Amino acid sequence: MTETLLVTGASRGIGASIVRKLAKSSPSIGCFVTIARRSSDYDSFIEEMRAQHPNKTFIPLYADVGDAEQLDAAMAELQNRNIHVDGVINNAGYTNPKSINEIVIDDFLYTLKTNLIAPFSIVQNLIKRGHPPSLVINIASTAGMNGRPGWLTYSASKAGLINMTDVMRQELKVYGTRVVCISPGRCATDLRKTLAPDEDPSTIMQPEDVADVIAILVSDAGRLIDSQNLVVRT
Ligand SMILES: NC(=O)c1ccc[n+]([C@@H]2O[C@H](COP(=O)([O-])OP(=O)(O)OC[C@H]3O[C@@H](n4cnc5c(N)ncnc54)[C@H](OP(=O)(O)O)[C@@H]3O)[C@@H](O)[C@H]2O)c1
């Protein structure tokens, strides 16, 4: 069967690594729908994928997932093009570390909209369309399990995502949807640079490592992994 996988935040970092890995290793996935904001990096990534995998389809959508109107428009485009999504990887993530007295409510809300509400809206949209996906993977973070000074907005959004995923896991069983939450630890990406600017990226987990774990979850063997929140770290 040729399946369609939707991956948010697939212009770079972990999301791009997931698409790279699955395009190579998952013959059942014939179509990748990706969402990120418009950028030359995103364009180059899609060009690279199309050149390397001419037998697969890559459909880039452009949206700020923290903006409900833009996200709705991207989901409407999928519907208008009659694209049925079989699997969703909610990977797009945002952080702006600040101490409690520096946090601006609008930025807190934007963090929640991007990291928590967008994954919900995508899944709700597909269900309301009458096409529940068979697999949802939400990418949370170990920051959602343990606090760190300065990471309040990010940690709160990821803690919410971990618990929201557990509700989805139970509620979507009725549709036969498998819902998995993974919480990566430190991984060498731009987002990690924002959280820990002085860290040497060569000393921590790489995006390809997380993509390898995702490939297992997406595979037939992954169907046997039943976890509320799978921690992925070195
Ligand atoms: N790196 C870590 O140490 C680590 C650890 C635990 C969990 N995570 C989680 O892993 C996921 C991927 O992060 P990463 O580390 O790969 O970060 P990254 O390299 O900074 O990439 C983030 C991706 O998300 C997209 N994105 C961010 N905000 C967006 C928005 N509002 N609308 C649309 N796309 C948006 C970015 O696309 P554009 O900016 O091009 O639009 C980019 O493709 C995130 O959910 C993050 O919280 C990361």
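Quick caveat: nothing in here was measured; it's all calculated off a predicted structure.
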When you compare the side chain of [Y] with that of [X], does any pair of heavy atoms fall below 4.5 Å?
X: Gln228; Y: Cys181; result: no
X: Lys158; Y: Ser183; result: no
X: Lys56; Y: Phe32; result: yes
X: Met205; Y: Val232; result: yes
X: Thr95; Y: Leu191; result: yes
X: Lys113; Y: Leu71; result: no
X: Ile214; Y: Ile139; result: yes
X: Ile204; Y: Thr234; result: no

> Taking NZ, NE, NH1 and NH2 as the nitrogens, is one of them in Asp220 or Arg223 under 4.0 Å from a carboxylate oxygen of the other?
Replying inline: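 Yes.
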>> Once side-chain contact (heavy atoms from CB on, under 4.5 Å) is applied, do any residues pair with Asp212, and if so which ones, sequence neighbours excluded?
In response: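 For Asp212 the side-chain contact (heavy atoms from CB on, under 4.5 Å) partners, ignoring immediate neighbours, are Lys21.
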>> Can you list everything that forms a side-chain contact (heavy atoms from CB on, under 4.5 Å) with Gln170? Sequence neighbours excluded, please.
In response: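 Partners of Gln170 by the side-chain contact (heavy atoms from CB on, under 4.5 Å) criterion, ordered by chain and then number, come out as Asp166.
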Which heavy-atom pair separates [X] from [Y] by the least distance, and what is that distance?
X: Val7; Y: Gly15; value: CG1-O, 4.2 Å
X: Gly185; Y: Thr142; value: CA-OG1, 3.6 Å
X: Thr189; Y: Pro207; value: CG2-CG, 3.9 Å

> Regarding Ser39 and Asp41, is there a side-chain donor-to-acceptor distance under 3.5 Å anywhere?
Replying inline: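 No, because no side-chain N or O of Ser39 sits under 3.5 Å from a partner of the opposite role on Asp41.
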>> If only side-chain N and O atoms count, and only distance matters, is there a donor-acceptor pair under 3.5 Å linking Glu102 with Ser99?
In response: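 The criterion, which ignores hydrogens and geometry beyond distance, is satisfied for Glu102 and Ser99.
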> Is Arg50 close enough and on-axis enough to Phe58, meaning under 6.0 Å and within 45°, for cation-pi?
Replying inline: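 Ring-cation test returns no.
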Any donor and acceptor pair, going by atom type alone, linking the side chain of [X] with main-chain N or O of [Y] inside 3.5 Å?
X: Thr203; Y: Glu199; answer: no
X: Ser134; Y: Asp86; answer: yes
X: Ser26; Y: Ser28; answer: no
X: Asp67; Y: Ala63; answer: no
X: Gln206; Y: Pro201; answer: yes
X: Ser155; Y: Ala143; answer: yes

> Can the ring centres of Tyr154 and Tyr94 be said to be less than 6.0 Å apart?
Replying inline: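 Judged by ring-centre distance (under 6.0 Å), Tyr154 and Tyr94 do not meet the cut-off.
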>> Under the rule for salt bridge (Lys or Arg N to Asp or Glu O under 4.0 Å), what residues qualify as partners of Arg37, not counting sequence neighbours?
In response: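 Salt bridge (Lys or Arg N to Asp or Glu O under 4.0 Å) list for Arg37, sorted by chain: empty.
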> Listed by chain and number, what are the side-chain hydrogen bond (donor to acceptor under 3.5 Å, both in side chains) partners of Asn138, not counting sequence neighbours?
Replying inline: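 Once residues adjacent in sequence are excluded, the partners of Asn138 under the side-chain hydrogen bond (donor to acceptor under 3.5 Å, both in side chains) criterion are Asn90, Thr165.
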> With Asp64, which residues qualify under side-chain hydrogen bond (donor to acceptor under 3.5 Å, both in side chains), at least two apart?
Replying inline: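 side-chain hydrogen bond (donor to acceptor under 3.5 Å, both in side chains) list for Asp64, sorted by chain: Tyr110.
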> Are Met164 and Val123 connected, step by step, through hydrophobic side chains (Ile, Leu, Val, Met, Phe, Trp, Tyr) whose heavy atoms are closer than 4.5 Å?
Replying inline: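 Shared cluster, yes.
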> Is there a path of hydrophobic side-chain contacts, each under 4.5 Å between heavy atoms of I, L, V, M, F, W or Y residues, that connects Met49 with Ile59?
Replying inline: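 Looking at the clustering, Ile59 is in a separate group from Met49.
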>> What verdict does the side-chain contact (heavy atoms from CB on, under 4.5 Å) test give for Arg192 and Cys187, after you've listed the backbone C-alpha separation in whole Å, the side-chain angles of each residue and the deciding distance to 0.1 Å?
In response: CA-CA 6 Å; Arg192 178 69 197 174; Cys187 180; 5.8 Å; no
> At what distance, to the nearest 0.5 angstrom, does OG1 of Thr34 lie from CD1 of Ile18?
Replying inline: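 Spacing of OG1 (Thr34) from CD1 (Ile18) equals 12.0 Å.
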>> Does anything in residues 172-182 form a side-chain hydrogen bond (donor to acceptor under 3.5 Å, both in side chains)? List the pairs, not counting sequence neighbours.
In response: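 Output for this query is empty, none listed.
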